[in-house]
Structure formats: structure tokens, C-alpha cells
J.: 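Below you will find the structure I want to go over with you.
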Amino acid sequence: MTSRASAGAEYSWERPLGARPLDAERTEFRVWAPRAEQIALRVAGHDLELEPAGYGVYEVQAPIGMGTNYQFVLDGQELPDPCSRWQPEGLRGPSRVAPLAAPSGPSGFTAPAAEDLILYELHIGTFSPEGTFDGAIPQLAALAKLGVTAIEIMPVAEFPGARGWGYDGVYISAAQSSYGGPEGLARLVSAAHEVGLAVILDVVYNHLGASGVTAMEAFGPYFTGKYETPWGNAINYDDADCDPVREWVCQSAEGWLRDYGIDGLRLDAIHAIFDSSPEHIVAAVARRVHTVNDRAYVIAESGLNDPVVMRPVKGGGWNCDAEWADDFHHALRTLVTEERDGYYADFGHVADLAKAFHRPHVDDGSYSPFRRRRFGASADDVPVERFVVFSQNHDQVGNRALGDRMPGAARPLAAFCTLLAPFVPQLFMGEEYGELAPFQFFSNHIDEEIAVATREGRRREFAAFADFAESVPDPEDPATFEHSKLTRHADPAIARLYAELIQARRRIGPGEAEAIEFDETALWLRLRRGGYELLCNFGSGALELACGGDAVELATNTDARLHAGSLKLPPMSGALIR
């Protein structure tokens with residue numbers, strides 16, 4: 001079959017896929033469906049013939065306006081559009097023609113520079129009583145006033161049911177219907193920009209939710225048996241007929257920015273992506289996103305500890321703007337709590353956090369006892385503002401058996417280290433005022449066998465832990481979701497500390513950590529940043545520490561005292577000295 005080059009595209013799949021309104025009353029439909037022997041577009045019970053455009057792509061222009069429901073009929077089976085931007089009735093319902101630029105769409109907002117970022121991760125369903133895009137809007141002004149500069153929204157691509165974390169999405173370009181669909185998302189982005197907040201969207205390009213695999217496979221080879229992932233066959237990024245699959249992902253990434261004015265993407269678990277192509281799909285997504293907006297942020301969640309993720313293309317890198325730095329979290333958590341199980345076994349020394357304050361690749365080619373091999377690579381050539389650090393996030397809270405948050409006694413020092421680190425800090429919704437509600441693992445699967453497997457898998461995961469054997473919350477129980485909603489019952493001391501830390505971060509300004517010193521036996525750490533000195537006591541007793549400043553700018557414990565160049569620092573506390 002031959003290619004038809006048109007509209008500047010060499011191959012038929014390179015032109016926009018999905019439903020693209022040409023004006024208020026006419027839409028172009030294009031779909032890649034090489035496995036279909038017969039294909040039609042069904043609208044209001046009537047079928048329209050699609051013309052072959054080459055390489056398994058079919059297209060038609062029709063007098064169909066925005067807001068119209070449609071489906072593709074493949075060999076007699078009605079299916080949603082793989083590139084759907086609106087699934088008003090969920091995964092198994094029809095697709096709907098959505099406006100390319102949503103009504104409240106892109107504004108003249110300019111996102112902050114990387115060194116000014118303070119991220120705030122939130123989950124739409126539990127962030128407000130309504131659990132919708134619109135429900136989140138009233139809370140935005142308070143975040144901006146606190147000093148947050150960007151919200152990072154957990155995945156909203158259409159997923160099964162009405163509640164879930166979003167990491168089992170299927171229609172990667174469709175804003176979740178139970179949250180308010182594309183119009184609701186557009187209003188949220190517009191409202192965020194109005195109060196000065198950038199918007200980062202978490203997207204999942206390493207797998208699809210199991211509820212949609214059969215439908216996608218009916219169209220074409222979206223998956224490959226070359227690789228096995230925890231979720232089944234991998235997305236086809238480098239096997240036969242992979243080019244249209246890669247384009248499906250890249251067009252989706254572009255659309256979130258172009259059509260909604262979203263300021264950047266967080267790419268979930270890129271270490272679970274298999275791609276041997278000359279241009280890795282992560283690099284391709286970063287390139288395409290930066291073409292839409294050269295100031296856009298592309299943040300990779302990478303379990304690779306490999307700086308290739310952030311290095312420029314000319315240096316063989318993938319050119320992501322930042323990566324999530326799990327090692328910083330692990331090094332910090334094992335000092336402010338007594339946890340040492342699982343991957344925490346590689347951490348637990350003050351030396352680890354001291355190393356993480358320089359660059360948060362603690363495993364940088366060194367031997368990892370947990371993995372029983374060398375792991376990671378040095379990232380000394382990567383600027384500090386290209387790492388995102390946190391003491392809490394959806395994984396580190398929600399993947400615990402009970403979804404419990406950081407212990408209360410550990411929160412002040414953890415916040416001190418995170419917000420005053422040289423990297424981009426990220427807060428998890430509610431931590432800024434001491435939220436006590438858990439963030440548990442919840443789902444709402446529409447296929448009973450998947451629901452049962454999810455429930456049983458969660459219980460098996462913690463079966464070896466006697467404390468949790470009978471108490472792991474059922475992810476399918478609506479109560480698990482309800483328990484995870486923010487109560488907004490604030491701890492005034494924690495709320496005050498976060499506000500002071502964010503203000504102090506601004507005074508310190510950007511720049512690396514310098515003169516890092518520590519004592520493994522006494523459990524203290526000291527470093528300098530921007531003319532200030534940070535001192536931390538991770539021990540159970542008070543310490544007298546020498547310091548060069550003459551005033552306590554901020555302390556997590558009001559009993560911290562400075563006299564004659566010596567700081568008395570209470571246990572499990574930190575102080576900023578000027």
C-alpha cells in the first residue's frame with residue numbers, strides 16, 4: 001500500500017489523528033486501523049464510509065459538529081476512537097467531538113522559570129469534596145498565596161469507572177469524564193493561570209489500563225510481545241508498525257499543551273518503557289512538546305538514575321527538563337523514621353543525605369545491596385534545578401499498605417530539608433498544613449475479573465507483613481476512596497512552618513549546596529546555601545553545633561538557641577542560620 005503525502009506530512013499517520021473540527025459544523029475524522037477488514041464511522045445510527053489514506057489510515061470529512069457522539073465500526077464492532085479527546089460515558093461509551101481549543105483554553109500566562117518552581121502534586125478526585133476539575137478551582141488562590149508556583153495533576157486520561165489514581169488510563173488524550181471532561185479541565189487550567197499557577201499534567205505512556213487493551217488491539221498493533229511489563233505486553237515503540245503508535249503518543253502530548261494551555265508534562269515511570277529506536281520515545285515526546293512551547297516542562301519519573309534523561313540531545317540525551325529524584329526521598333525518610341525495609345535498605349546513613357544534597361543520585365554507579373549490583377550514574381554535570389525532590393508524594397504515601405502519611409514527628413525536619421534543598425521542591429496535597437487523612441490505593445474497575453485481581457494483588461503485596469495481613473483497605477470499596485479525601489483540618493504550627501520555609505527559600509535564592517559536612521555517629525548535617533547555613537539534627541538528643549552565623553533565621557523547633565557561634569539544636573530538628 002502506498003503513502004499519500006499531504007499537508008506537509010510524508011506519511012499518512014503523521015497528519016493529525018482523531019476527530020479534528022474544521023469549523024463549528026464540519027469535522028475531519030482520521031484513524032489508524034490496519035487490522036480492520038471493514039471500517040466505517042457511525043454517527044446517530046448512520047454509517048459513513050472512510051477513505052483509505054495509506055499505511056492503514058482511513059479518513060473522512062463530514063458535516064458533523066462539535067459535541068456530536070461518534071464511534072468507529074470495525075468488522076461490525078462499535079469501538080471508541082483511540083485518539084478520542086472526550087469519552088462522556090466512560091471507556092465503553094461513544095467518543096465525542098471536542099473543540100480543539102477548549103472554551104476557557106490557552107491564555108497569555110507565562111510559566112515561572114525552573115529555579116522558581118515549587119510544585120504541588122494533587123489528585124482531582126480527592127482534592128475537593130466534589131472531586132472534579134471545577135471543585136479544585138476554589139483552592140488554587142490559597143496555594144498561590146502560600147508560594148506554590150505550579151500544580152502537578154495526577155493522570156486524568158480516561159480510566160475505568162469514576163474513581164481511581166489514573167495510572168490505568170486508556171484514552172490518553174481524553175480528559176476524565178467523571179472529573180468534568182475537557183471543558184472542566186480547560187476551566188481549571190484557566191483558573192490556575194489567573195492566580196499565577198502553572199499546570200503540569202501527569203501522563204502515562206508506559207502502559208495502558210487492562211480494560212482497554214482488547215479495544216485498542218482491534219485497531220492495530222499498539223502492543224508488542226517483544227517485551228513483558230508488569231501490566232502485560234509493552235506498548236509497541238520499536239517493533240513492526242510502531243511509527244503510528246509513536247505518533248499517537250506524541251500527538252497526545254502535544255494536544256495537552258496546545259488545546260488546554262497546560263505548561264508541561266510529568267512522564268510516568270519511563271524506566272518501564274522499552275524502546276531501542278534511534279530516538280527514544282521519551283526524547284521524541286520532549287522534542288514535540290518543546291516545539292509546541294519552548295518553555296514547557298517535561299519532568300520524567302525515572303527509576304534509572306541515569307542522567308541521559310536530562311542531558312541535551314547533542315550529548316546523546318533525551319532532553320527532559322527534570323526528573324523525579326527518589327533517592328533524595330529515600331535518604332531523607334530513613335533518617336527521620338526508622339524504616340529500612342525493601343529499597344530503603346540501601347539508605348539510612350547521614351552520608352546518603354549529604355550526597356543527595358549535592359546531586360540526588362545516591363546510587364551513582366555504586367553497589368546497591370538491595371539490587372545486588374552496581375546501579376545508576378553520576379549526574380554532576382546536570383544543573384540542580386533539573387531535579388524534583390519531595391518528602392511525600394502519591395507513591396510514597398499511597399503505595400504503603402494503609403496509605404498513611406509521614407509521621408507527625410518527622411514532618412517538620414523533612415519539610416525543612418525538602419523546601420530548602422537546591423532542587424525543585426514538590427509538596428503532596430495536604431502536607432502543607434499537616435493533613436492526617438491517608439491517601440490509599442483505590443480503583444473502580446468496570447471488569448469484574450480485573451477488580452478481583454486488583455483486590456487480591458493488593459492483599460498479596462502485604463501478606464508477609466503481619467501488621468497488615470487483615471487490614472489492607474479494599475481498593476474497590478468506595479469507602480477507601482472517601483477516606484482518602486482531604487479533610488483540610490490544619491495543624492497551625494505545620495501550616496506556619498511551611499509558609500516560613502517557602503519564604504526562606506525565596507530569600508536563599510537558587511544555587512548549589514556547598515561546604516557539606518556531617519557526622520555519622522552524632523547524626524548531624526551542615527551545609528551552606530546562598531549565604532545561609534542549614535543545620536540538621538537527626539538524632540534523639542539535643543546537640544551543640546558550631547556555626548558561622550549570628551542569628552536564627554528559622555527553626556523547626558522553637559527551642560533552638562544560638563549563642564557565641566554555637567547552636568543548641570533539639571532532636572529531630574533543623575535551623576537556618578544567617
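Numbers here simply count residues along the sequence, with the first being 1. Everything numeric here is computed off the predicted structure, so don't read it as measured data.
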J.: Quick one: salt bridge (charged side-chain N to carboxylate O under 4.0 Å, His left out) partners of Glu301, sequence neighbours excluded?
T.: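 Partners of Glu301 under the salt bridge (charged side-chain N to carboxylate O under 4.0 Å, His left out) test: Arg266.
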
J.: How long is the gap from CH2 on Trp231 to NE2 on His207, to the nearest 0.5 Å?
T.: 5.0 Å

J.: Tell me whether the rings of His394 and Tyr167 are parallel (<30°), tilted (30 to 60°) or perpendicular (>60°).
T.: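 Parallel: the ring planes of His394 and Tyr167 meet at under 30°.
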
J.: Using atom types as modelled and distance alone, determine if a side-chain donor or acceptor of Asp321 lies under 3.5 Å from a backbone N or O of Val298.
T.: yes

J.: Does the pair Tyr58 and Phe219 meet the rule for a ring-ring contact (aromatic ring centres under 6.0 Å, His included), with working shown?
T.: CA-CA 11 Å; Tyr58 296 86; Phe219 285 89; over 10 Å; no

J.: Excluding sequence neighbours, so at least two apart, what forms side-chain contact (heavy atoms from CB on, under 4.5 Å) with Ala453?
T.: none

J.: Do any pairs count as a side chain to side chain donor-acceptor pair (under 3.5 Å) and have a residue in residues 62-74, sequence neighbours left out, and if so which ones?
T.: Asn69-Arg96, Tyr70-Asp81

J.: Using 4.0 Å as the upper bound for N to carboxylate O, is an ion pair formed by Glu254 and Arg288?
T.: yes

J.: Could you name each residue pair satisfying salt bridge (charged side-chain N to carboxylate O under 4.0 Å, His left out) that touches residues 274-284, not counting sequence neighbours?
T.: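 Sorted result for residues 274-284: Arg246-Asp275, Glu279-Arg287.
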
J.: Assess the pair Trp32 and Tyr222: is the distance between their ring centroids shorter than 6.0 Å?
T.: yes

J.: Test of understanding: with ring pair (Phe, Tyr, Trp, His ring centres under 6.0 Å), list the residues that count as partners of His361, not counting sequence neighbours.
T.: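 Partners of His361 by the ring pair (Phe, Tyr, Trp, His ring centres under 6.0 Å) criterion, ordered by chain and then number, come out as Phe387.
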
J.: Spell out, as yes or no, whether a donor-acceptor pair under 3.5 Å connects the side chain of Asp263 to the backbone of Ala296.
T.: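 Not at all, since once roles are kept as given, no pair shorter than 3.5 Å links the two residues.
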
J.: Please find out if less than 6.0 Å separates the ring center of Tyr367 from that of Phe370.
T.: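 Here the rings of Phe370 and Tyr367 have centres that are no less than 6.0 Å from each other.
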
J.: Distance only, no hydrogens: is a donor on one side chain within 3.5 Å (strictly under) of an acceptor on the other, for His123 and Thr126?
T.: yes

J.: Any carboxylate oxygen within less than 4.0 angstrom of a Lys/Arg side-chain nitrogen, looking at Arg359 and Asp364?
T.: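 No.
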
J.: Quick one: list whatever passes side-chain contact (heavy atoms from CB on, under 4.5 Å) with Arg400, sequence neighbours left out.
T.: Arg333, Glu339, Asp404

J.: Please report the closest heavy-atom contact between Asn319 and Val313, naming both atoms and the distance.
T.: CB-CG2, 3.9 Å

